[in-house]
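Working notes for the structure below.
On a predicted model such as this, the values are computed, not experimentally measured, just so you know. Residue numbers start from 1 in every chain, and the chains themselves are labelled A, B, ... in the order their sequence lines are given, proteins ahead of strands.
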Protein chains: 2
Amino acid sequence: MAGEKTQLRVDARQNRDRIVASARETFAADGLDVSMTEIARRAGVGVATLYRRFPTKDALVREVFAEQLEACTGEVRGAAEDPDPWRGFCRAVEKLCEMQARDRGFSAAFLTAFPEAVPVDGMRAMAEEAFAGVVTRAKATGRLRPDFTTDDLTLVLMANNGLVTDSVEAAVAASRRLVAYFLQAFQARDPLPPPVSLGLRDALG
Amino acid sequence: MAGEKTQLRVDARQNRDRIVASARETFAADGLDVSMTEIARRAGVGVATLYRRFPTKDALVREVFAEQLEACTGEVRGAAEDPDPWRGFCRAVEKLCEMQARDRGFSAAFLTAFPEAVPVDGMRAMAEEAFAGVVTRAKATGRLRPDFTTDDLTLVLMANNGLVTDSVEAAVAASRRLVAYFLQAFQARDPLPPPVSLGLRDALG
DNA sequence: CGGAAAACGGAAGGAGCCTTCCACTTGGGC
DNA sequence: GCCCAAGTGGAAGGCTCCTTCCGTTTTCCG
């Protein structure tokens, strides 16, 4: 995924880096609904420069969040190696949610918005695979309820994504409390009311 | 909240009703990001007619969701009268979340978007007050964990709001599962000392 | 039934956004 | 130091959206 245009002119390279940095900050703070003009302004370049590097806004978004996604996958993998599977599970959920809470744009890019985000989907699939391992092992210890599914992670992330607040700190605090509740609910207990997910209906009579 | 302009011409009255109905359906299905032109088209009127009744899009949104909010308050009050406070608590949370899941625009209007929504806030405050009573009683029985706060309801609703799916049914199904998890987490973990049955007078204030 | 006021529809104003175009500048191999 | 291609900035095209304006149609009171 690298090494395509390494022969960028040095000034162009610097500008490109500034653009990505600027876009990352701005997306994190205000979400994806920021104009390209604004991003260019904050990067100290003209809008044409931005478009020379990223032919479309989607492309910029993908570039910006590609490494964020990689960090995600890394966290999950790290959690997967925790000697205590349940603790690893908790760590994975906590980390993912905190990352999400700290970056509004990332949430949006990760969960909704961009159907064109092919590399995003690929990366996401890898993270999900790693997470599936954590789940299996955590269930084996008996700490994680057996009817937990990997779809429930999506549920958690979507729920966590809903926590929109004024400040990042408030979002993180809210996210922490949310996750704490979730983790208590995920601990093995009595059977669940509704079965799996997606496509099903009719639960409580 | 009625009786301001009862002397609307009959055709105007009909058009107004069609506008509100059309707006409600459209907001519910697609959220608040629908153009006024589209709403007018679906109502079978010109855009000017729409603006004659509702000077701004905000005004239309408020009108549309005012009665939704009233329904909300009604649900909470109904739950408040349940002889079993814990069951009432569960019912309130379940009902609110389901209503939210069924109506994307309502979620958005209720939780975010419109700071100008004064009547919304007023109505919301009433619902919150009713809910506070439910919480107090549910805690008194020992079923609801004592560290639950009414802010946690906001947490739940925001989380529930994050459940964006393709179809309404999928959203409702996801919401059900989410709520089931929450309710398990909200249950007092270890049975508290016997429910002290003093009068409720002090608590309700 | 007749006319004034209310209501109407569609076009047009004004703003914002993504994207493209083009004349000008700058880097770096020769 | 020269020169051309790569790079650049800002203006402008095209689109959508919210809102306003105005000539025409409809209601309803006397």
Roughly how many Å is it from [atom1] in [X] to [atom2] in [N], rounded to a whole number?
X	N	atom1	atom2	value
A:Gln14	C:dT26	CD	C1'	13 Å
A:Glu38	C:dC18	CD	P	11 Å
A:Arg16	D:dT8	CZ	P	12 Å
B:Phe54	D:dC18	CZ	P	15 Å
A:Leu60	C:dT19	CG	P	10 Å
B:Lys57	C:dA15	NZ	P	19 Å
A:Ile39	C:dT19	CD1	P	11 Å
B:Tyr51	D:dT20	OH	P	7 Å

Salt bridge flag under 4.0 Å for residues [X] and [Y]:
X	Y	result
B:Glu169	B:Arg102	yes
B:Arg42	B:Glu38	yes
A:Glu94	A:Arg87	no
B:Arg91	B:Asp82	yes
B:Asp152	A:Arg177	yes

Test item: A:Gln100 side-chain N/O and A:Leu157 main-chain N/O as donor-acceptor pair under 3.5 Å
yes
So, for B:Phe89 and B:Phe148, is the gap between ring centers shorter than 6.0 Å?
yes
If you count the non-hydrogen atoms of other residues, nucleotides and ligands that lie under 6.0 Å from NZ in A:Lys139, is the total more than 12?
yes
Test B:Phe27 against B:Phe106 for ring-ring contact (aromatic ring centres under 6.0 Å, His included), laying out the working first.
CA-CA 8 Å; B:Phe27 285 152; B:Phe106 181 54; over 10 Å; no
Return the 5'-most residue of the pair A:Arg52, A:Met36 with respect to DNA chain C, ranking by each residue's nearest nucleotide.
A:Met36
Using heavy atoms and a sub-4.0 Å distance, could you list which residues of residues 43-50 of chain B are near DNA chain C? By number, please.
B:Gly44, B:Val45, B:Gly46, B:Val47, B:Ala48, B:Thr49
Just to confirm, is there a sub-4.0 Å distance from OP1 or OP2 of [N] to any side-chain nitrogen or oxygen of [X]?
X	N	value
A:Thr56	C:dT19	yes
B:Asn15	C:dA7	no
A:Arg53	D:dT8	yes

Base-contact (B) and sugar-phosphate-only (S) positions in nucleotides 23-30 of chain D, heavy-atom cut-off under 4.0 Å, - elsewhere:
---BBS--
